[in-house]
Amino acid sequence: MKRSIIITGGAGFIGSHVVRLFVNKYPEYKIINLDKLTYAGNLANLRDIEDRPNYRFVKMDICDFEGVLKLMQEEHVDGIIHLAAESHVDRSIKDPFTFAQTNVMGTLSLLQAAKAYWEPMGWQMQHCAVPCRFYHISTDEVYGALEMTHPEGIEPPFTTKASSGKHHLAYGEKFFTEDLKYQPHSPYSAAKASSDHFVRAFHDTFGMPTIVTNCSNNYGPYQFPEKLIPLFINNIRHRKPLPVYGKGENVRDWLYVEDHARAIDVIFHQGKIAETYNIGGFNEWKNIDIIKVLINTVDRLLGRPEGADMDLITYVTDRAGHDLRYAIDSSKLQRELGWEPSLQFEEGIEKTVRWYLDNQAWMDNVTSGDYQKYYEDMYKNR
Ligand code: NAD
Ligand code: TYD
């Protein structure tokens, strides 16, 4: 095997797309999916690649320093792509401790294990001279919230393939750029921000070859249905209320998950050490507008009169500390590494809604909790 890479959190939403991409695209690499299988980890997300010879699943907590170090030695790991995290803002408001434990202490433990293995080799695999790399996946939420200076939307200064659709508007002049000061507001983003600082500190203090990327909201198949898009698609299908926080005016910048996975591939292989890259689709949407698109799309695909389910919209108490607007400027990544989103938002949403409607068994498995038995059945006796 040419390279041996640990992908943490590979059983989660984004991680499963990254694992699939790497396993398929690089048969000469060994891809090790290290995941604790929390409520958010689902091995059924990877059923199509689980028997590949270049794939291995290891059930492990990133906080297990000894376990990670042993695994790195055993597999001669030269790269870590770190996605494992607690990722839902609402949960972080209820239980910040778990977020600090996993996102901060877990990342630190992983960094310490990588340092213990790589530093004595001069940050390079001795047997093949492959340089080591610790790639940390983070979020745009570390930058805090942007103002909404143009509630009706303005033409943004950036254009991309994905942004040429008719809904593409910006809701302010400012965007998150890589040099912006961190101003996290939620316990989730505070914990992610702290982990980003630890990763950079390991570069600055010990010379560890690190990269950090901060991405906007992802959408697509296999997302846990506590997040807006899969939750609402499932609720519309079952004609259940759609709990819209506040007035539904908050703006998020949405990127199709496979485009994020492609960006991670490009950055892992070509990104400059110690750099930060922002990843986003220049694709801002007010929550309420996206919810209306979801209702129209689900209704149409299910053969219901389009918009018949608008009355499911239910305004509820706003999320505490709800960030108003996120908008990523990913022009550095486009300019320096040539990455750009491949999908128009309209295409991506259609594809996503179809996927959830066509994969009701996956959704039922998750909502019933049955998915957590998958590991027991598939892996315990191997
Ligand atoms: P997710 O919640 O779907 O998956 C997280 C995965 O991490 C799960 O498989 C879970 O079992 C695993 N995990 C949790 N704690 C662990 C631990 N202690 N040890 C090992 N594994 C553990 O998350 P996601 O939405 O796929 O996000 C992945 C990463 O991308 C996170 O770091 C998140 O901060 C970042 N991110 C997410 C988004 C988004 O829109 N979802 C946007 C930008 C960045
Ligand atoms: P979410 O998918 O939780 O992602 P994040 O908080 O990381 O951006 O939420 C996306 C947006 O949708 C956010 O502004 C909160 C809002 N939201 C609702 O209005 N209702 C809901 O039930 C959920 C889960 C989210």
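Ligands are counted one by one from 1 in listed order, and the atoms in each one are counted from 1 as well.
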Of the protein's non-hydrogen atoms, which lies at the shortest distance from [atom], and what is that distance?
atom                    : answer
atom 40 (O) of ligand 1 : N218 N, 2.8 Å
atom 24 (C) of ligand 2 : E226 O, 3.2 Å
atom 16 (C) of ligand 2 : N287 ND2, 3.5 Å
atom 29 (C) of ligand 1 : L83 O, 3.2 Å
atom 23 (O) of ligand 1 : S87 OG, 3.3 Å
atom 20 (N) of ligand 2 : P243 O, 2.7 Å
atom 3 (O) of ligand 2  : R319 NH2, 3.1 Å
atom 10 (C) of ligand 1 : T38 OG1, 3.3 Å
atom 18 (N) of ligand 1 : D61 OD1, 2.9 Å
atom 14 (O) of ligand 2 : H322 NE2, 2.7 Å
atom 43 (C) of ligand 1 : C215 O, 3.3 Å
atom 3 (O) of ligand 1  : F13 N, 3.0 Å
atom 4 (O) of ligand 1  : G12 CA, 3.5 Å
atom 10 (C) of ligand 2 : L228 CB, 3.9 Å
atom 7 (O) of ligand 2  : E141 OE2, 2.7 Å

Ionic contact status for [Y] with [X], cut-off 4.0 Å:
X    : Y    : value
E147 : R325 : no
E75  : R56  : yes
K351 : E347 : no
D35  : K59  : no
R133 : D78  : no
K332 : E178 : no
R262 : D265 : no

Going by heavy atoms, is [X] under 4.0 Å from ligand 1?
X    : answer
H260 : no
I137 : yes
S216 : yes

- Let me know which of Y219, F282, Y256 forms a ring pair (Phe, Tyr, Trp, His ring centres under 6.0 Å) with F345. Y219
Looking at [X], which atoms of ligand 2 are within less than 4.0 Å of one of its heavy atoms?
X    : value
L231 : 22 (O)
H88  : 3 (O)
V244 : 19 (O)
V89  : 6 (O), 7 (O)

- Within a strict 4.5 Å, meaning less than it, do heavy atoms of the M208 and K115 side chains meet? yes
Applying a 4.0 Å heavy-atom criterion (strictly less than), which segment of [X] is in contact with ligand 2: side chain, backbone, both, or neither?
X    : answer
Y188 : neither
N217 : side chain
V316 : neither

- Item | Closest heavy-atom pair and its distance - K247, Y315 | O-CE2, 3.6 Å
Return a yes/no value for [X]: is any of its N or O atoms, backbone included, closer than 3.5 angstrom to an N or O of ligand 1?
X    : result
N42  : no
A84  : no
I14  : yes
Y39  : no
Y188 : yes
D35  : yes
K192 : yes

- Note on the structure: ligand 1 atoms nearer than 4.0 angstrom to some heavy atom of M60 are 19 (N), 20 (C)
- Query: Numbering the atoms of ligand 1 from 1, which are under 4.0 Å from a heavy atom of N217?
  - Reply: 40 (O)
- Any N/O pair Y245/ligand 2 closer than 3.5 Å: yes
- Is the closest side-chain donor-acceptor distance between H136 and S195 under 3.5 Å? yes
- Query: Do you see a donor-acceptor pair shorter than 3.5 Å between the side chains of Y277 and N214?
  - Reply: no
- Between E28 and R3, does a salt bridge (charged side-chain N to carboxylate O under 4.0 Å, His left out) hold up when you go through it step by step? CA-CA 7 Å; E28 71 279 22; R3 299 196 71 159; over 6 Å; no
- Message: Test side chain to side chain contact (heavy atoms under 4.5 Å, CB included) on N54 and K30; report intermediate values, then the result.
- Response: CA-CA 5 Å; N54 64 334; K30 174 92 178 265; 5.5 Å; no
- Item | Full working for side chain to side chain contact (heavy atoms under 4.5 Å, CB included) between K240 and L312 | CA-CA 7 Å; K240 290 194 341 207; L312 295 176; over 6 Å; no
- What do the steps show when you test S138 against D196 for side-chain hydrogen bond (donor to acceptor under 3.5 Å, both in side chains), and what is the final call? CA-CA 7 Å; S138 191; D196 295 9; 2.9 Å; yes
- Could you label the plane-to-plane angle of the Y326 and F176 rings as parallel, tilted or perpendicular, counting under 30° as parallel and over 60° as perpendicular? tilted
- Message: Going by the closest heavy atom to atom 21 (N) of ligand 1, which one wins out of H136, H17, R252, K36?
- Response: K36
- Task: Counting heavy atoms only, name the option from C63, A85, S138 that's nearest to atom 5 (C) of ligand 1.
- Result: A85
